2 protein chains.
Amino acid sequence: MKTHTRASAGLAAPTPTSADVARLAGVSRATVSYVLNDSASGRVGERTREKVLEAARELGYVPNAAARSLRAGRSGLVLLDNPNVVWGPLLAEFMADLRRHLLRLGYTAVLYGGTAADQDSESAARRWAELRPTAVLFGLGVVLTPESVDMLKRSGTQAVVSWGGDQVPGAHWWRADMTGVGREAGTHLLERGRRRIGVIVPTDRTLEYFSEPRLAGVQDAVARFTRSKRLTKAGAPRVVRIDLDYTEQAGAELAARLPELDLDAIFAYNDEYAMLVAASLQDAGVRIPEDVALVGADDLMLGRLMRPRLTSVRTELPSGGVLAELVDRFVQAADAPPVTVDVGQAQIIVRDSS
Amino acid sequence: MKTHTRASAGLAAPTPTSADVARLAGVSRATVSYVLNDSASGRVGERTREKVLEAARELGYVPNAAARSLRAGRSGLVLLDNPNVVWGPLLAEFMADLRRHLLRLGYTAVLYGGTAADQDSESAARRWAELRPTAVLFGLGVVLTPESVDMLKRSGTQAVVSWGGDQVPGAHWWRADMTGVGREAGTHLLERGRRRIGVIVPTDRTLEYFSEPRLAGVQDAVARFTRSKRLTKAGAPRVVRIDLDYTEQAGAELAARLPELDLDAIFAYNDEYAMLVAASLQDAGVRIPEDVALVGADDLMLGRLMRPRLTSVRTELPSGGVLAELVDRFVQAADAPPVTVDVGQAQIIVRDSS
DNA sequence: TTGAAAGCGCTACCAG
DNA sequence: CTGGTAGCGCTTTCAA
């Protein structure tokens, strides 16, 4: 005898609860809970066990996460903020890896937020806090105010981890040395004898967490070089900041301004901007690398397809497994003070454009 | 007087509940609930209201979503599956837009899953169902079995929407005509007098939901052309399927095989593959478009930066607002039969490569 | 205008 | 080995 009605019949669908399973199996709700979580305390007989499993299958029972986390006091939810970044294959693989490992460790990973979804960090954090996540990871261009971090922790979040971006008081910090990319590019160009280096800085504000450190890295490379060679201020290499829209027109304008800028090298923020620069310069008759050396970053496929092939700086994004383990450690020891972990080695891939 | 202990003190952080707020404000929990949701029934006096708000602020109270949805019977959660696709700027903007509008409509949108995170659709769906989402959107290369859809609906999901990909029994279908891209490319090439068209099909299996329909679209364009011109089978244009890895080596091999293939046009799946093809052919001395016309798709910036500039097919991704409204409608009328909505007009952008 | 209390689905304690 | 039951935090009806 069926007592429930089909959803398509227009009546409220009767989502089965553990009580329904218990009734069908002829046991108590407690027993159902024991079987479904095969919990250590209260061992259940093999026959009962079978009956419960069978009943659950027949009803298509799915436990209710809200009820469970309400009772358990922890949700097992890990909120990953959605980085404000184009998802290249590298990042996609990393995120998938991270998710997989968190799953293995018993967490439910969820991407939340993303480009310009909430206006202020405060209201975003409040929305996160409502879900009572066990851990929150944010970074790659997203910042949380210290107040937001505090709100999360006060509402039970065991671990808040800043990832890649800035340090935030109260949060763990999985630090990626964002200046390494620029330093690697600068050092390489100096070794090749270039002394007048333009650095492309995208005008897109959402990229500034990457672009500014990359510029700073080049400046640092030049400063070290100047020091080690004991050069005078006048004899030191030059670094020119070039703000650039990601449009063909902006590229053409840069090409027109080039003589006045008097550069012999450009570090183009990343491979996509490098391609824009290359196309613009080549249209204007500038030879790469003879007149101007060009270096990109992120080692995208398109760099290998450009002619000349593009020299690029690759950043190692460490395995998602490592971050997952780290998060788990932080969660276990929620009271420990914030920890800083360093990652992200930059490495130059020399091809034909420099 | 502070009665709470700091999280950093090593004691369990006392997450404030609505009862705490009530106590501090000197009212009942019911009143707190009324004020915080400014619910119509049970109007509260202005003075009490102030007191409650003040108390909530002082305690840093954040409501518990699990408790709320348990009581309310609906979570307001919209699960967006994370498409198995590189997030270009177009898709990123669309997703952000969708999220924004869902937020406006009172939903909490969350990205869930993604590349190869769960093995089978079944276990993924079970994990989703545990969260008792109000709606689930999936698509762009991800499929859910009819059984999974059924499980979701039986566990209270009001609307399951397949987005872009295949139709799934029981789910609404926001259909994007994936063949339109290929048809547009094929028609354009035929108009330009090309009769021997190679179609690149990526070997990457995760792309087949895009690549196969794009190939089919070209074939359809040729079939229409043949019919309208009343051509004999022997005189009809030719379509050659070319499976291709996304590697430089595969590109070089294609270039070597080109004379044997005897093509005068290539539709390259998308702009990235088009760039690979262009670089390979040009290295081999093939002229574009004189010897071989080349068409990409997705209208990426890189197509405008290539030389010759790349002809590309652009797909209109309609506004996220439209999808959001649609989802809301589906949720309101959860019992209505599955609906199909058509979207995604393809449009050729002619540049210099064809 | 406000308060008391029931109950959403689940787990974990304690009895039997 | 199994069942009764309290209670997680919240909303909402009913009574005062």
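Protein chains get the first letters and strands the later ones, always in sequence-line order, with residue 1 at the start of each. Bear in mind that the values here come from a model prediction, so they are computed numbers and not experimental data.
One interatomic measurement links the two molecules: CG of B/Leu131 to C1' of C/dC8, which rounds to 17 Å at whole-angstrom precision. Atom pair A/Asn64:CG and C/dG7:C1' shows a separation of 14 Å (rounding to whole Å applied). When the P atom of C/dT2 is taken as reference, atom CZ of B/Arg47 falls 11 Å away, rounded to whole Å. Rounded to an integer number of Å, the gap from B/Leu36 CG to D/dT12 P is 13 Å. Between the CD atom of B/Glu130 and the P atom of C/dT11 there is a distance of 10 Å, given to the nearest Å. The CG-P distance, from B/Leu59 to D/dG9, rounds to 14 Å in whole Å. Between the CG atom of B/Leu70 and the C1' atom of D/dT11 there is a distance of 11 Å, given to the nearest Å. Remark: P of D/dC1 and CD of A/Glu46 are 11 Å apart, rounded to the nearest angstrom.
The side chain of A/Ser69 places no N or O atom within less than 4.0 Å of a non-bridging phosphate oxygen (OP1 or OP2) of D/dC8. Side-chain nitrogen and oxygen atoms of B/Asn37 include at least one within less than 4.0 Å of the OP1 or OP2 phosphate oxygen of D/dT11. For B/Arg29 and C/dG3, the shortest distance from a side-chain N or O to OP1 or OP2 is not below 4.0 Å.
Residue A/Val27 is classed as a sugar-phosphate contact, given heavy-atom separations below 4.0 Å to backbone atoms only. Nucleic acid contact for A/Ala72: none, since no nucleic acid atom lies under 4.0 Å from a heavy atom of the residue. Across all strands shown, B/Thr48 has heavy atoms under 4.0 Å from sugar-phosphate atoms exclusively, and none from any base. Heavy atoms of B/Gly45 sit under 4.0 angstrom from primed sugar atoms or phosphate atoms, though from no base atom.
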**Asked** Yes or no on salt bridge (Lys or Arg N to Asp or Glu O under 4.0 Å) for B/Lys51 and B/Glu58, after CA distance, side-chain angles and deciding distance?
**Response** CA-CA 10 Å; B/Lys51 270 196 307 190; B/Glu58 181 172 340; over 6 Å; no
**salt bridge (Lys or Arg N to Asp or Glu O under 4.0 Å) between A/Arg154 and A/Glu147, worked out** = CA-CA 10 Å; A/Arg154 288 179 48 95; A/Glu147 290 72 31; over 6 Å; no
**Message:** Assess the residue pair A/Arg57 and A/Glu54 against the criterion (salt bridge (Lys or Arg N to Asp or Glu O under 4.0 Å)); give the C-alpha distance rounded to whole Å, side-chain angles, the decisive distance to 0.1 Å, and a yes or no.
**Reply:** CA-CA 5 Å; A/Arg57 206 172 308 122; A/Glu54 172 55 26; 3.0 Å; yes
**Request:** Would you sort out whether B/Arg126 and B/Glu122 count as a salt bridge (Lys or Arg N to Asp or Glu O under 4.0 Å), showing the intermediate values?
**Result:** CA-CA 6 Å; B/Arg126 231 191 70 94; B/Glu122 209 71 8; over 6 Å; no
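Residue-to-nucleotide proximity on DNA chain C shows that, of B/Arg71 and B/Ser28, the 5′-proximal contact is made by B/Ser28.
Partner A/Leu77 forms a side-chain contact (heavy atoms from CB on, under 4.5 Å) with one of A/Thr157, A/Thr108, A/Val136 and no other, that one being A/Thr108.
In this structure, A/Phe94 has its ring center closer than 6.0 angstrom to the ring center of A/Trp163.
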Contacts under 3.5 Å, N or O only, protein and nucleotides 14-16 of chain D:
none

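Salt-bridge check for B/Asp97 with B/Arg100: passed, with a basic side-chain N closer than 4.0 Å to an acidic carboxylate O. Using a 4.0 Å cut-off between a side-chain N of Lys or Arg and a carboxylate O of Asp or Glu, B/Glu325 and B/Arg329 do not qualify as a salt bridge.
Annotation: cation-pi geometry not satisfied between B/Arg49 and B/Tyr34 (NZ/CZ under 6.0 angstrom from ring centroid, within 45° of ring axis).
In this structure, A/Ser18 and A/Arg29 approach most closely via the heavy-atom pair OG-CG, 4.0 Å.
Within 6.0 Å of CZ on A/Arg74 lie no more than 12 heavy atoms contributed by other residues, nucleotides or ligands.
Under the 4.5 Å side-chain criterion, counting only non-hydrogen atoms from C-beta, A/Val78 is not in contact with A/Leu98.
Where the helix from C/dT1-D/dA16 to C/dG16-D/dC1 starts and where it ends, the local axes point in directions that differ by 40°; five pairs per end, rounded to 10°.
Here D/dG4 is the nucleotide among C/dT2, D/dG4, D/dG9 with the atom lying nearest to any side-chain atom of A/Ala30.
Interface residues of residues 17-24 of chain A facing DNA chain C, ordered by number: A/Thr17, A/Ser18; criterion, heavy-atom separation under 4.0 Å.
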